[in-house]
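Below, chains carry the letters A, B, ... as their sequence lines are ordered, and counting in each starts from 1.
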There are 2 protein chains.
Amino acid sequence: MKPTIRDVAKMAGVSISTVSRVMNSPESVVEAKRSRVLEAIEKLQYQPNAFARGLIYRKSFTLGLLIPDIENMYFAGIIRGMQDACVKLGYSLMICNTDRDKDRLLSYIDAFREKQVDGIVFASDILYPEYYEKLTACRIPFVLLSSHSDEFEVPSVEVDDEEAAYEAVKFLIELGHREIGMIGFNHVNSVSGPPRYEGFVRAMKEGGLTHNIERVAYAEHRFEQAYHASHELFSAHPDITAVFCVADEFAMGTISYLKDRNILVPGQVSVVGFDNLRMANMFIPKLTTVAQPIYELGYRAAEKLHELLTTGSVKVPKEMMKHKLIVRESSRQR
Amino acid sequence: MKPTIRDVAKMAGVSISTVSRVMNSPESVVEAKRSRVLEAIEKLQYQPNAFARGLIYRKSFTLGLLIPDIENMYFAGIIRGMQDACVKLGYSLMICNTDRDKDRLLSYIDAFREKQVDGIVFASDILYPEYYEKLTACRIPFVLLSSHSDEFEVPSVEVDDEEAAYEAVKFLIELGHREIGMIGFNHVNSVSGPPRYEGFVRAMKEGGLTHNIERVAYAEHRFEQAYHASHELFSAHPDITAVFCVADEFAMGTISYLKDRNILVPGQVSVVGFDNLRMANMFIPKLTTVAQPIYELGYRAAEKLHELLTTGSVKVPKEMMKHKLIVRESSRQR
DNA sequence: GTGAAAGCGCTAACAG
DNA sequence: CTGTTAGCGCTTTCAC
């Protein structure tokens with residue numbers, strides 16, 4: 001049987017209130033008793049019961065994280081960052097992988113509610129009214145990570161997708177490329193798809209290369225789809241010499257496709273990715289990519305949620321974190 | 001204010017026990033009242049308070065997962081599998097990433113105890129006496145995943161590392177290779193390091209190739225280290241034509257090194273990995289590798305833990321799951 | 001400064 | 001079948 005506060009009280013020869021006090025406001029207990037209590041706690045390996053506390057405080061000191069695809073390496077970094085912030089702030093972390101399934105997502109929200117998580121980080125997905133309403137009905141505070149909402153007032157942390165994409169494409173143009181394509185996210189169900197395409201368009205317009213604006217093929221999240229999208233793109237526009245991919249995994253799919261077609265990267269075609277996953281540095285060739293501060297994004301999201309939970313609001317509602325172009329081997333001067 | 005059982009009772013015009021009954025043994029309540037209660041629950045969006053329940057049942061219906069390195073893609077699959085099993089069995093999942101830090105691990109166990117997780121899956125790490133004792137002292141049931149213990153009686157789920165390594169190496173020998181090296185896990189702090197090396201040795205002895213037994217370089221978990229280990233290995237034994245890597249990430253590091261040295265894979269050197277990560281199929285060249293049933297391993301571990309929790313013991317204490325050699329592009333006939 | 005007692009939301013005897 | 005009641009372990013008034 002786990003020892004309870006009563007066991008400690010008995011061993012220390014005090015009342016349970018005193019034990020409770022040494023745990024919550026030690027200074028209000030005289031030294032002599034306090035040390036006896038501490039000793040008993042130590043000896044019994046006593047640890048307060050989180051259920052009993054939760055019942056009183058109505059807080060679980062645990063945070064929930066909702067992610068669409070745990071096998072996307074992007075989230076490994078997010079999780080690390082968020083968990084580190086959680087230990088710093090005294091929370092536990094409950095992670096749920098929705099596999100992009102709406103019903104699962106909804107049922108995880110129920111689970112979070114039942115477990116009384118104090119707040120939720122909602123990552124990389126569109127905040128549909130349905131989700132918003134459910135979360136609001138459950139009265140669970142939440143923040144958006146790598147996402148944002150124009151429709152609702154929800155705090156968010158992300159990078160500036162439009163600007164980041166713009167810089168990546170501009171880099172390609174400055175390298176001398178004129179025939180440039182893009183592998184993008186399908187715009188439906190994608191938060192970062194549209195702004196990244198906008199960045200692409202802006203760079204093209206600025207460079208007087210508007211004929212490229214339609215050289216886009218779309219994929220959804222995975223390598224294989226990017227492979228096929230590349231096939232589409234290059235079949236329609238064989239003269240392309242550079243492609244901007246909105247995810248490192250897409251860049252890998254594209255390079256793989258090019259390799260199978262015996263097209264050299266970066267010899268004949270330059271490829272730029274997005275995210276700077278750990279893999280970007282392991283791939284052959286190493287990926288030139290727009291780095292997101294992934295770990296920091298996760299860390300910051302937890303901090304922001306904590307701010308929301310403790311102060312009731314948030315200083316910077318829509319926070320943008322710095323991205324950075326990392327030039328490696330998959331791109332080259334034209 | 002979240003509605004409580006009392007609110008439901010009032011709205012339905014019954015006592016709180018009746019409400020409790022319709023939730024726990026509906027058949028013991030007459031239809032008329034039951035439907036009124038159900039209606040009230042629906043209308044109020046009532047959900048029982050997990051703290052109150054936990055206090056009574058002494059169960060949290062949440063499981064803990066301890067992993068050493070969330071950025072290792074191996075664990076993405078483990079987590080998916082375990083989480084799917086958890087939703088099937090009615091548990092929530094709490095994941096903690098230790099970053100291979102002993103103190104963190106120990107403090108996560110404390111957190112698990114405080115949160116009263118029902119059981120823990122301890123993944124891919126050696127069960128040091130220190131851990132075993134702490135877990136035992138906390139009276140938290142646990143199972144080992146991709147690990148096992150000779151010292152203590154703890155249920156475990158893993159693949160047969162020795163046999164799997166043996167088959168991989170044997171495959172290389174059958175391909176005609178005679179000068180074979182290995183990139184292994186440092187044996188200290190590694191569970192699967194020694195058996196995989198044993199498998200390597202057994203295949204060599206059987207093939208009369210014992211001169212290869214010492215052609216081994218060690219790395220710890222990461223790509224970069226495997227890259228350096230490869231440098232070591234090939235500097236000492238430039239005649240090697242095949243290398244068995246005990247992890248896909250090592251295989252990628254090795255291939256990367258070879259690429260930098262302008263050595264063709266599989267043209268001049270064949271490389272076999274281990275794990276069959278999702279990445280194995282995305283890398284260039286696609287990796288020949290020993291597939292572990294990663295998702296199933298995670299799934300099974302949760303089931304086994306559940307079995308332990310509900311029945312107090314486990315039918316098959318040390319369970320081995322099937323591995324399988326997948327031949328792709330990184331290996332070739334000598 | 002410290003103990004007794006009420007009560008957080010729920011379940012499980014125990015009567016009726 | 002159903003309502004009343006006694007806790008589960010802890011915090012927090014409220015007296016002393």
Side-chain angles (χ1 to χ4, degrees), chain A residues 1-38 40-41 44-62 90 110 112-118 138-139, chain B residues 1-41 44-62 90 110 113-118 138-139:
Chain A
M1 229 13 250
K2 262 195 75 174
T4 77
I5 196 172
R6 242 170 279 276
D7 300 317
V8 178
K10 201 175 299 169
M11 175 175 286
V14 299
S15 75
I16 61 166
S17 334
T18 301
V19 177
S20 177
R21 284 193 193 94
V22 338
M23 306 192 67
N24 299 300
S25 50
E27 67 287 354
S28 70
V29 175
V30 287
E31 165 60 21
K33 291 194 179 179
R34 182 175 34 192
S35 58
R36 257 157 54 212
V37 169
L38 257 13
I41 287 179
L44 258 29
Q45 286 260 40
Y46 168 74
Q47 199 176 23
N49 182 316
F51 294 139
R53 290 187 116 137
L55 207 46
I56 294 165
Y57 293 133
R58 292 143 194 293
K59 285 199 60 177
S60 60
F61 298 98
T62 108
D110 275 329
F112 280 157
R113 181 160 94 120
E114 190 198 328
K115 294 289 161 64
Q116 323 264 331
V117 302
D118 299 332
C138 292
R139 296 152 179 282
Chain B
M1 225 17 248
K2 264 196 73 174
T4 75
I5 196 171
R6 243 169 278 279
D7 301 315
V8 178
K10 201 176 300 171
M11 174 175 286
V14 298
S15 75
I16 60 166
S17 344
T18 301
V19 178
S20 177
R21 282 190 195 96
V22 338
M23 307 193 65
N24 299 300
S25 50
E27 67 288 354
S28 71
V29 176
V30 286
E31 166 59 22
K33 291 194 178 180
R34 181 176 35 191
S35 59
R36 257 156 55 212
V37 169
L38 258 11
E39 200 179 310
I41 287 179
L44 257 31
Q45 285 258 41
Y46 168 76
Q47 199 174 24
N49 182 316
F51 294 138
R53 289 186 116 137
L55 208 45
I56 294 164
Y57 293 133
R58 289 142 197 295
K59 285 199 60 177
S60 60
F61 299 97
T62 109
D110 276 329
R113 180 159 94 120
E114 190 199 330
K115 295 288 160 66
Q116 325 263 331
V117 302
D118 299 332
C138 293
R139 294 152 180 283

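- The 5' end of DNA chain D is approached more closely, in terms of each residue's nearest nucleotide, by B:Lys33 than by the other of B:Lys33 and A:Phe51.
- If one axis is set at each end of the helix from C:dG1-D:dC16 to C:dG16-D:dC1 from five pairs, those axes are 50° apart, to 10°.
- Using a 4.5 Å heavy-atom cutoff, the side chains of A:Val29 and A:Val37 are not in contact.
- In this structure, B:Ser15 reaches the D:dG3 phosphate: one of its side-chain N or O atoms is under 4.0 Å from OP1 or OP2.
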Item to complete: Using a 4.0 Å heavy-atom cut-off, write out nucleotides 11-16 of chain D from 5' to 3' as B (base contacted by protein), S (sugar-phosphate only) or - (no contact).
Response: BBB---
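- In terms of phosphate contacts, B:Arg34 brings no side-chain nitrogen or oxygen within less than 4.0 Å of OP1 or OP2 of D:dC1.
- Comparing A:Asn49 and B:Ser28 by the nucleotide of DNA chain D whose heavy atom lies nearest to each, the residue mapping closer to the 5' end is B:Ser28.
- Put simply, the side chain of B:Ser20 never gets that close to the backbone of B:Ile16: no donor and acceptor are under 3.5 Å apart.
- Atom P of nucleotide C:dC10 and atom CZ of A:Arg58 are separated by 10 Å, given to the nearest angstrom.
- The side chain of B:Lys2 contributes no N or O atom lying less than 4.0 Å from OP1 or OP2 of C:dC8.
- Taking side-chain N and O atoms only, A:Arg6 has no distance below 4.0 Å to OP1 or OP2 of D:dC10.
- In this structure a side-chain-to-backbone donor-acceptor pair under 3.5 Å is present from A:Asp118 to A:Phe61.
- Checking side-chain atoms of A:Arg139 against main-chain N and O of B:Lys2 turns up no donor-acceptor pair under 3.5 Å.
- Panel note: side chain A:Thr18, backbone A:Val14; no donor-acceptor pair is recorded below 3.5 Å.
- B:Phe61 places its CZ atom 10 Å from the P atom of C:dT11, with the value rounded to the nearest Å.
- Rounding to whole angstrom units, CG of residue A:Asp7 and P of D:dC10 are separated by 9 Å.
- In this structure, the side chain of A:Thr62 does not engage the main chain of A:Val117 through any donor-acceptor pair within 3.5 Å.
- Remark: side-chain polar atoms of A:Arg34 are paired, donor with acceptor, to backbone N or O of A:Pro26 under 3.5 angstrom.
- Without hydrogens or angle criteria, A:Asp7 side chain to A:Thr4 main chain gives a donor-acceptor distance under 3.5 Å.
- Checking side-chain atoms of B:Arg113 against main-chain N and O of B:Cys138 turns up no donor-acceptor pair under 3.5 Å.
- Atom-to-atom, CG of A:Leu55 to C1' of D:dG7 comes out at 12 Å; the value is rounded to the nearest Å.
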